[in-house]
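Along the sequence shown, residues carry numbers from 1. In this text, all values refer to a predicted model and were calculated from it rather than measured experimentally.
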Amino acid sequence: MIYNLTDLQNAFSSGEKIKFLFFWGHTQKADGVIDEACLSQWWPCHFQVDGVEYRCAEQFMMAEKARMFGDEDMLACIMEASHPKDMKAYGRAVKHFDKDLWDSRCFDIVKRGNLAKFSQNPELWEFLKNTRSRILVEASPRDRIWGIGMGKNNPAALSPLTWRGANLLGFALTQVRDLLLKEAEASFDQAPASQSLRDKDGLTEEEFLAVYKPGDYPRPSVATDMVIFTVTDEDEKNYRKLPKKELRLLLIRRGGHPYLGSWALPGGFVRPTETTEQAAARELREETGVDQVYLEQLYTFSQPGRDPRTWVMSCSYMALIDSSRVHIEAGDDAQQAAWFKVTCRMCGSSDSGTKTWKLELVHEDIVLTAFLEKQENESFTQSQILENKGLAFDHARIAAYGLERLRGKLKFTDLAIHLMPEYFTLTQLQQVYEVVLDQELPTAAFRRKAAALVKETDHFTENAGHRPSRLYQKQE
């Protein structure tokens, strides 16, 4: 395989047929399907190198840059940053930078980071694996080092002889893919022929499976619980004022035991013929009447005793829905379904670093509250429920973690767009960010950030009492 521009240009000039896969950008698809955007250094995912956890490949690259030149202060900033743009900015500010030294080592650093990224995230490796035999090309019109200095729609991009950049990231990823494929093939070749081997009882695998009794071991039931968010407008009596936004969470009132009459996240048991993701999509359709929305897996909650009926593990999912599309109906085991205004705020702390959080859900005159405790650096998956009023099972923990995940991803993705209708104003989009993050944002800074996420349309608002505002759509 070819891993540098000179060899690629020579092969292309000699008439060798070469297939390319162009990529640029890191925006995740609304339906959660993994595509070429996952090849970006900015794609959000967790992986570890030498026991240190990173949020994306860009963070690893910039952290290694700071380590190389001994800038501990900038390394701390890079590791604390939540957005790849900030990580890159801190990396550019590393002191005592030596360009020649960096140029000699950066390619191997990027390879190392992406080896960890793709080997530790099976869904990303599945996509990378299926690019077999193609040269990966970062079609960045602005980057002439890691990309080719032009977009994929530029006819010149089809010829490496006319590229304006070196495509270092593309070649690094191509090599990462081939290294991981070789490892997988070697592992397969060295695997024992288990069908013919006999175990300590003298049984082949076929004989073992013929007498295996699943009932010999306790087996859990598996459920999916859905954290479904939407954003709605508050009632505003003054028609000249823009209505404020409210973040809402869908809950159902249980119509049967256990927790009869309590409120719970929508969900149900996974059927033997479906995956957990298929079960989540089915529950979403049954409860809201919509599909083809943003859906992602959150966490598998498996704390002992979380369900009084039996041993039940919950594979939870988060969905983001435009409220104008939704018609909610309570399922067979529910009395009522409703959207609850949701907030989760820290309300106490101790000298040992323990934080107490109050989760509150409000619908008309119904108020549900829960108090959760966790260490400062822990997620809500590790929290303890101190007090709970009106919520079933451990759904306070799941809901709090769903909101924590949403807030975290909002800082470096366009996830909020999935809560918007097809057309929206920049003010409405800012309101959604503010209500989710539970903080006010500077308008000028927000609009600079939003510029890369949206595109202008020729439509304007027509609300009586308001000055017409331009409407925007999600950037494709």
Heavy-atom count around Lys85 NZ within 6.0 Å, excluding the residue itself: above 12?
no

Nearest heavy atoms of Val432 and Ala416, plus distance in Å:
CG1-CB, 4.2 Å

If you take the centroid of each ring, where Trp contributes its six-membered ring, are Trp163 and Phe20 closer together than 6.0 Å?
yes

Just wondering, do Val436 and Phe229 contact through their side chains at under 4.5 Å, heavy atoms?
no

Test side chain to side chain contact (heavy atoms under 4.5 Å, CB included) applied to Ser314 and Phe393, step by step:
CA-CA 11 Å; Ser314 173; Phe393 306 103; over 6 Å; no

Checking Arg397 side chain against Ser383 main chain: does a donor-acceptor pair fall under 3.5 Å?
yes

How far does OG1 of Thr300 sit from CD of Gln303, to the nearest 0.5 angstrom?
10.5 Å

Shortest non-hydrogen separation from Lys389 to Val367 and the atoms involved:
CE-O, 4.3 Å

Can you give me the closest heavy-atom contact between Thr131 and Arg177, atom names plus distance?
O-NH1, 2.9 Å

Using only atom types and a distance under 3.5 Å, with no angle test, would you say the side chain of Ser14 pairs donor to acceptor with the backbone of Ala11?
yes

Take Asp225 and Phe301, measure what side chain to side chain contact (heavy atoms under 4.5 Å, CB included) needs, and give me the verdict at the end.
CA-CA 10 Å; Asp225 289 305; Phe301 290 85; over 6 Å; no

Among residues two or more places apart or on two chains, list those pairs meeting ring pair (Phe, Tyr, Trp, His ring centres under 6.0 Å) that have a residue in residues 45-94.
Trp42-His83, Phe47-Tyr54, Tyr54-Phe60, Phe69-Phe97

Verify, without hydrogens or angle tests, whether Thr276 (side chain) and Cys315 (backbone) share a donor-acceptor contact under 3.5 angstrom.
no

Hey, are Glu64 and Arg67 close enough for a salt bridge, meaning a charged N less than 4.0 Å from a carboxylate O?
yes

Any idea which heavy atoms bring Met346 and Trp357 closest together, and the distance?
N-CE3, 3.2 Å

Phe22 versus Leu39: any side-chain heavy-atom pair under 4.5 Å?
no

Given the options Glu378, Gln375, Glu376, Glu373, Thr354 meets side-chain hydrogen bond (donor to acceptor under 3.5 Å, both in side chains) only with Gln375

Taking Leu136's backbone N and O only, do any of them form a donor-acceptor pair with Thr174's side chain (distance below 3.5 Å, no angle check)?
yes

Going by the side-chain hydrogen bond (donor to acceptor under 3.5 Å, both in side chains) test, name the single residue among Gln431, Lys245, Gln428 that passes it with Asp233.
Lys245

What do the steps show when you test Asn114 against Gln41 for side-chain hydrogen bond (donor to acceptor under 3.5 Å, both in side chains), and what is the final call?
CA-CA 8 Å; Asn114 280 283; Gln41 290 282 93; 2.9 Å; yes

Counting only heavy atoms not in Glu440, do more than 12 sit closer than 6.0 Å to its CD atom?
no

Nearest non-hydrogen partners of Gln59 and Ile78, listed with the distance:
NE2-O, 3.1 Å

Residue set satisfying salt bridge (charged side-chain N to carboxylate O under 4.0 Å, His left out) with Glu36, at least two apart, ordered chain then number -> none

So, Asn121 side chain and Glu123 main chain: donor-acceptor pair closer than 3.5 Å or not?
no

Would the distance check show the side chain of Arg55 and the main-chain N or O of Met79 forming a donor-acceptor pair, the cut-off being under 3.5 Å?
yes

Trp102 ring centre to Lys65 NZ or CZ under 6.0 Å, with the angle to the axis within 45°?
yes

Assess the residue pair Thr381 and Ser379 against the criterion (side-chain hydrogen bond (donor to acceptor under 3.5 Å, both in side chains)); give the C-alpha distance rounded to whole Å, side-chain angles, the decisive distance to 0.1 Å, and a yes or no.
CA-CA 5 Å; Thr381 60; Ser379 77; 2.5 Å; yes

Can you tell me how far OG of Ser316 sits from OH of Tyr299, rounded to the nearest 0.5 angstrom?
9.5 Å

Flag side-chain contact, heavy atom, 4.5 Å: Leu441 against Arg447:
no

Within the structure provided, determine whether Phe340 and Leu368 are in side-chain contact (heavy-atom separation under 4.5 Å).
yes

Above 12 or not: heavy atoms from other molecules or residues under 6.0 Å from CG of Leu386?
yes

If every non-hydrogen atom of Arg248 is compared with every non-hydrogen atom of Lys341, which pair is closest and at what distance?
NH1-N, 3.4 Å

Nearest 0.5 Å, please: how far is CD1 in Ile228 from CG in Leu265?
8.5 Å

Say whether, by atom type as modelled, one donor and one acceptor occur between the side chain of Asp71 and the main chain of Val94 under 3.5 angstrom.
no

Side chains of Asn154 and Thr162, heavy atoms from C-beta outward: is any pair under 4.5 Å?
no

Measure the NE2-CG distance between His96 and Leu101 for me, rounded to the nearest 0.5 Å.
13.5 Å

Using the side chain to side chain contact (heavy atoms under 4.5 Å, CB included) rule, take Leu429 and Phe446 through it: C-alpha gap first, then chi angles, then the decisive distance, then the call.
CA-CA 10 Å; Leu429 182 60; Phe446 175 81; 3.8 Å; yes

Could you state the interatomic distance from CG (Leu406) to CG (Leu437), rounded to the nearest 0.5 Å?
8.0 Å

Whether the side chain of Glu404 engages the backbone of Phe380 through a donor-acceptor N/O pair (distance < 3.5 Å, no angle test) should be reported.
yes

Give, for atom CG of Asn4 and atom CD of Gln175, the distance between the pair rounded to the nearest 0.5 Å.
9.5 Å

Ionic contact status for Lys111 with Asp108, cut-off 4.0 Å
yes

Under 3.5 Å donor-acceptor, Gln9 side chain and Pro160 backbone:
yes

Using side chain to side chain contact (heavy atoms under 4.5 Å, CB included), reason through Ile385 and Asp394 one step at a time and then give a plain yes or no.
CA-CA 8 Å; Ile385 300 175; Asp394 59 348; 4.2 Å; yes

For Lys409, look at atom NZ and say whether over 12 heavy atoms of other residues, nucleotides or ligands are found less than 6.0 Å away.
yes

Is atom CD of Glu277 surrounded by more than 12 heavy atoms (other residues, nucleotides or ligands) closer than 6.0 Å?
no

So do the side chains of Asp143 and Trp24 get within less than 4.5 Å of each other, counting heavy atoms only?
no

Considering only heavy atoms from C-beta outward, does the side chain of Trp339 approach that of Glu246 to under 4.5 Å?
no

Electrostatic pair Glu58-Lys88, nearest N-O below 4.0 angstrom
no

State whether the number of non-hydrogen atoms from other residues, nucleotides or ligands found under 6.0 Å of Arg92 atom CZ is greater than 12.
no

Measuring only between side-chain heavy atoms, which start at C-beta, is Lys474 closer than 4.5 Å to His418?
yes

Between Thr230 and Ile321, is there a donor-acceptor pair closer than 3.5 Å when you use the side chain of the first and the backbone of the second?
yes

